[in-house]
Amino acid sequence: MNGEQSRDVEPDEDATFVRPFIITGGRSEPLQADLRLETLVVAVGVPDPSLAFERRHIVAVCERPTTVAEVAHRVGVPLGVAKVLISDLVVAGQLACRQPAELPLPMLERIRDHVRAL
Amino acid sequence: MSGRSDKIVPLAVKIVVSGGLGVGKTTFIGAISEIEPLDTEAAITQVSVGVDSLVGVEAKTTTTVALDFGRITLDPTMTLYLFGTPGQDRFSFLWDDLVEGALGTVVLVDTRRIEDCFPAVDYFESQGAPFVLAVNRFDGADRFDVEEVREALGLSADVPVLECDARSRDSVRDVLGALMDRVIGVRATPRRRTAALTR
Ligand SMILES: Nc1nc2c(ncn2[C@@H]2O[C@H](COP(=O)(O)OP(=O)(O)O)[C@@H](O)[C@H]2O)c(=O)[nH]1
Ligand SMILES: [Mg+2]
């Protein structure tokens, strides 16, 4: 976990901070840097039987649309790791995600009206 | 990357809830969320690692570093997520990730420790991100006029400041409604930066 992009990393004895980089094979930059905490991801197609561990778990969790934050929580991996794994699975055609662009004004007004009616 | 047509992925939108330690963020989210706010140590570890920084890890056993997470189904096609984030300066590395794509932010203030919200207010102001200030009314706290709070924080006149009780669903709903009004107002008025400067 060295590299130019890591800034003020302090040594830490906590082993859980080593593990994430093993799962993702040393990569810490998500392919899809635009995956957000609230981006919903959902399993698509036929699950690949060769998927192992976290990846298989993620695909199972995403049987129903699930946010990136909730995937991380339920699979028990750090958020940054979840993003890397999810983007891998999107590229592999196992997951699809819907990333909203900037919302148009009428959509914002609809959200406001819904919120006011809560 | 189109999915199978039998799986409809609703639109996910989010609002961030920030503010100092113990100001009522978890309470606020819990008052309106359909799910128990996630407020776990796992959530803390998650956010600590992904950013190549281990700052704040020593505090991970306290709930204040947790990332609260609540959900509100607005209609079958739209879900609103609430993310609570600690408002202390040393956790500001979490905020970029949270603010990215957010509709806006609620900054909670406890008038007994008004300075606790300075870092959050500074941050969201500098991002030009829409926010409202919700003054959480705690028992035994002196009542402050919202204009006094605005002045103490040096907020421009167009930033909404309102009182709230984070334990009350109706109150939380009203704060979120005010935030959405602000979000819409900011979108509809592109000259807001100039307006703030001339004040
Ligand atoms: N009187 C009063 N107490 C509140 C209010 N909001 C939160 N509290 C209490 O303040 C304490 C801290 O709230 P919490 O939501 O955990 O704060 P957080 O650290 O910002 O998540 C809890 O004991 C709440 O019950 C409020 O609006 N009024
Ligand atoms: Mg809390």
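Since this is a predicted model, take the numbers as computed values, not measurements.
Here CG of B:Leu176 is found 12.0 Å from CD1 of A:Ile111. Values are rounded to the nearest 0.5 Å. Put simply, NE2 on A:His114 and CZ on B:Arg173 are 15.0 Å apart, with the number rounded to the nearest 0.5 Å. Atom CZ in A:Arg112 sits 7.5 Å away from atom CE in B:Met180 (nearest 0.5 Å). Taken to the nearest 0.5 Å, the NZ atom of B:Lys14 stands 7.5 Å off from the OG1 atom of A:Thr39. Note that CG of B:Asp181 and CD of A:Glu109 are 10.0 Å apart. Values are rounded to the nearest 0.5 Å.
For B:Leu179, no part lies near chain A; criterion is any non-hydrogen pair under 4.5 Å. Interface remark: B:Asp170 contributes no atoms to any contact with chain A (heavy atom separation under 4.5 Å). Of the atoms belonging to A:Pro106, not a single heavy atom falls under 4.5 Å from chain B.
Annotation for A:Leu103 and B:Arg187: closest pair O-NH1, 2.7 Å, computed over non-hydrogen atoms. Between A:Leu118 and B:Arg169, the closest heavy-atom pair is C-NH1, 3.3 Å. Between B:Thr77 and A:Arg110, the shortest heavy-atom distance links the atoms OG1-NH2, 3.1 Å. Between A:Glu38 and B:Ala12, the closest heavy-atom pair is O-CB, 3.1 Å.
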Report task. Begin from the C-alpha positions of B:Phe69 and A:Glu70 and carry the test side chain to side chain contact (heavy atoms under 4.5 Å, CB included) through to its verdict. Result -> CA-CA 9 Å; B:Phe69 173 95; A:Glu70 211 167 352; 3.9 Å; yes
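The shortest distance between side-chain heavy atoms of A:Leu40 and B:Tyr81 falls below 4.5 Å.
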